[in-house]
Amino acid sequence: MTATKPETDSRALEDDAFMAAALALGRRNLGRTGPNPSVGALIVKDGVVVARGYTAVGGRPHAEAIAVAAAGEAARGATLYATLEPCSHHGSTPPCVDAIIGAGVARVVSALEDPDPRVAGRGHARLREAGIEVTIGLRAREARADHLGHILRVTQGRPMVTLKLARTADGYAAGADHDPRLFITGALADSVTHIERSLHSAIMIGHGTASIDDPLLTVRLPGLEAFKPLRVVLDARLRLSRGSRLAATAHETPTLVIAGESVTEAQAQEFAAATGIEVARVSIDAAGRLALGEALGELARRGVTRVFSEGGPRIAESLLVASLADEVVIHTGLKPLGRPGRLALSSAALAILDDESRYRLADTAMLGVDRMTRYERIG
């Protein structure tokens with residue numbers, strides 16, 4: 001037994017290192033592969049990476065198919081590392097398991113079983129039936145975090161949501177009514193926000209933020225100018241200004257307003273014709289606000305898997321109360337407001353974040369003089 005233990009330990013360390021690399025690969029197109037997950041795959045033979053792949057923009061081809069094609073004959077007898085179970089169903093392309101089996105891969109290390117009912121263990125079963133050794137669960141927690149948008153879309157009919165807020169040192173998101181707009185964070189924190197936008201397939205705000213800030217909601221980073229996440233405005237009464245920057249740029253950047261059911265089809269069509277902004281309609285809840293779950297369901301039906309919410313305190317609280325904020329990112333500036341204003345998080349919202357049965361503190365870091373704090377929803 002002692003003779004085999006070093007070999008077992010060595011293989012475990014090698015598996016862990018290659019799965020970490022596969023996860024890093026998969027993150028390259030995070031937010032750009034919907035409705036499919038952004039998977040990373042490596043093919044390794046005798047300790048050497050012979051091919052790699054990650055899901056292409058738009059979701060096809062899949063990572064495993066890319067890696068197998070790149071490996072060619074070198075895949076025979078090799079190990080394939082994949083961050084999600086290879087697909088086993090026929091879609092617009094043949095199943096990845098067919099390509100893996102046909103290539104002669106000897107072993108597959110998979111981080112996570114795919115909950116998509118079209119797969120759900122069938123991919124792993126097909127591989128085993130073909131005589132391929134299958135190992136499941138390595139770095140599963142990281143893989144689940146990366147694929148959460150896909151997981152929630154196929155299990156709950158909604159995308160994952162990252163809630164981002166900026167607040168002053170004394171907790172305010174804005175000054176009093178009619179105060180000028182606050183610029184809370186510095187250049188480094190603002191750049192990180194653009195990076196976060198680039199990792200999501202939609203950026204969401206409410207009508208209030210659209211009206212007060214008149215934002216562009218684009219990714220303004222060198223090399224990513226061509227990436228244009230869907231811009232989403234939650235606007236129950238369809239009040240978005242036709243002179244807004246969102247309306248002015250809607251023909252070049254996809255934009256969607258989600259309005260309430262009181263907005264008529266004729267009103268929606270007229271607004272869309274005048275602005276180039278598509279309009280969808282959902283129910284109004286008991287509080288007279290858009291039904292957030294329905295709005296997210298509408299996005300999921302459009303293939304959106306990851307939403308970056310940059311709305312104000314009202315949307316933030318609604319997402320937290322409904323357990324729809326899967327990650328919460330708070331940027332806290334160096335300076336206090338020093339006078340009454342609008343709190344970024346109400347006492348009810350803060351209580352939810354502080355509830356250890358609902359959220360865990362995942363990360364904290366300094367971005368120049370600003371502090372970034374990130375929470376993850378539990379469950």
Side-chain angles (χ1 to χ4, degrees), residues 30-35 57-59 149 153 158-164 181 190 193-221 224-284 289-312 314-316 318-319 324:
L30 204 59
R32 281 173 263 185
T33 63
V57 172
R153 185 173 178 271
R158 73 168 180 91
M160 72 84 66
V161 177
T162 300
L163 167 61
K164 177 258 178 180
R181 179 184 175 187
D190 293 346
T193 294
H194 281 276
I195 292 171
E196 288 277 9
R197 287 179 179 179
S198 75
L199 298 175
H200 293 76
S201 38
I203 304 168
M204 183 174 77
I205 59 172
H207 168 262
T209 299
S211 175
I212 295 167
D213 294 348
D214 194 21
L216 272 175
L217 301 182
T218 52
V219 177
R220 297 188 290 279
L221 291 172
L224 288 176
E225 295 87 355
F227 178 48
K228 297 179 179 181
L230 176 68
R231 303 180 301 188
V232 180
V233 182
L234 303 178
D235 184 6
R237 290 184 279 168
L238 196 57
R239 293 173 294 166
L240 180 67
S241 169
R242 301 184 186 202
S244 66
R245 295 202 293 171
L246 291 173
T249 57
H251 289 287
E252 57 198 58
T253 303
T255 309
L256 172 71
V257 168
I258 300 182
E261 56 194 357
S262 61
V263 173
T264 67
E265 181 64 26
Q267 288 173 318
Q269 288 182 2
E270 191 276 329
F271 182 87
T275 62
I277 297 175
E278 191 176 356
V279 179
R281 294 173 297 159
V282 300
S283 301
I284 299 294
R289 300 174 183 171
L290 289 177
L292 269 179
E294 252 188 72
L296 293 175
E298 174 66 29
L299 295 179
R301 283 190 292 276
R302 293 166 178 264
V304 171
T305 59
R306 295 175 57 83
V307 173
F308 191 57
S309 174
E310 295 189 61
R314 180 180 291 181
I315 288 178
S318 297
L319 287 169
L324 293 173

> Of the options Leu234, Ile277, Val232, which is the one that meets Val257 in a side chain to side chain contact (heavy atoms under 4.5 Å, CB included)?
Replying inline: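 Looking at Leu234, Ile277, Val232, the match for Val257 under the side chain to side chain contact (heavy atoms under 4.5 Å, CB included) is Ile277.
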
Where is the tightest heavy-atom contact between [X] and [Y], given as atom of each residue plus distance?
X	Y	answer
Ala236	Ile284	CB-CD1, 4.1 Å
Pro159	Val307	CG-CG2, 3.6 Å
Val304	Ala202	CG1-CB, 3.9 Å
Arg242	Thr275	CG-CG2, 3.9 Å
Val279	Ala259	CG1-CB, 4.2 Å
Ala210	Leu240	CB-CD1, 3.8 Å

Rounded to the nearest 0.5 Å, how far apart are [atom1] of [X] and [atom2] of [Y]?
X	Y	atom1	atom2	value
Asp214	Thr209	CG	OG1	11.5 Å
Leu238	Glu270	CG	CD	9.0 Å
Thr193	Glu310	OG1	CD	6.0 Å
Leu199	Phe227	CG	CZ	8.0 Å
Arg158	Leu292	CZ	CG	10.5 Å
Thr305	Leu299	OG1	CG	10.5 Å

For the backbone of [Y] and the side chain of [X], can you confirm whether one donor and one acceptor N or O come within less than 3.5 Å of each other?
X	Y	answer
Ser211	Gly208	no
Gln269	Ala266	no
Lys164	Phe308	no
Arg239	His207	no
His194	Val219	no
Thr33	Gly31	no

> Under 4.0 Å between a Lys/Arg side-chain N and an Asp/Glu carboxylate O for Glu225 and Arg220?
Replying inline: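 Not counted as a salt bridge, because no side-chain N and carboxylate O are separated by less than 4.0 Å.
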
> Is it true that Glu278 and Arg302 have a side-chain N and a carboxylate O under 4.0 angstrom from each other?
Replying inline: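 Arg302 and Glu278: salt-bridged.
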
[X] vs [Y] side-chain heavy atoms within contact, under 4.5 Å:
X	Y	result
Leu296	Val161	yes
Arg32	Ser201	no
Arg181	Ile212	no
Arg289	Ser318	yes
Glu261	Ser283	yes
Ile315	Ser309	yes
Met160	Arg153	no

>> Could you go through Leu246 and Leu217, starting from their C-alpha distance and side-chain angles, then the distance that decides it, and tell me whether this counts as side-chain contact (heavy atoms from CB on, under 4.5 Å)?
In response: CA-CA 8 Å; Leu246 291 173; Leu217 301 182; 4.3 Å; yes

> For Val263 and Phe271, what are the C-alpha separation, side-chain angles and deciding distance, and is it a side-chain contact (heavy atoms from CB on, under 4.5 Å)?
Replying inline: CA-CA 11 Å; Val263 173; Phe271 182 87; over 6 Å; no

>> What verdict does the salt bridge (charged side-chain N to carboxylate O under 4.0 Å, His left out) test give for Glu265 and Arg281, after you've listed the backbone C-alpha separation in whole Å, the side-chain angles of each residue and the deciding distance to 0.1 Å?
In response: CA-CA 9 Å; Glu265 181 64 26; Arg281 294 173 297 159; 2.8 Å; yes

>> Is it the case that the side chains of Arg231 and Thr249 hold a donor-acceptor pair, with the cut-off being a distance below 3.5 Å and no angle test?
In response: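 Present: a donor and an acceptor within the cut-off.
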
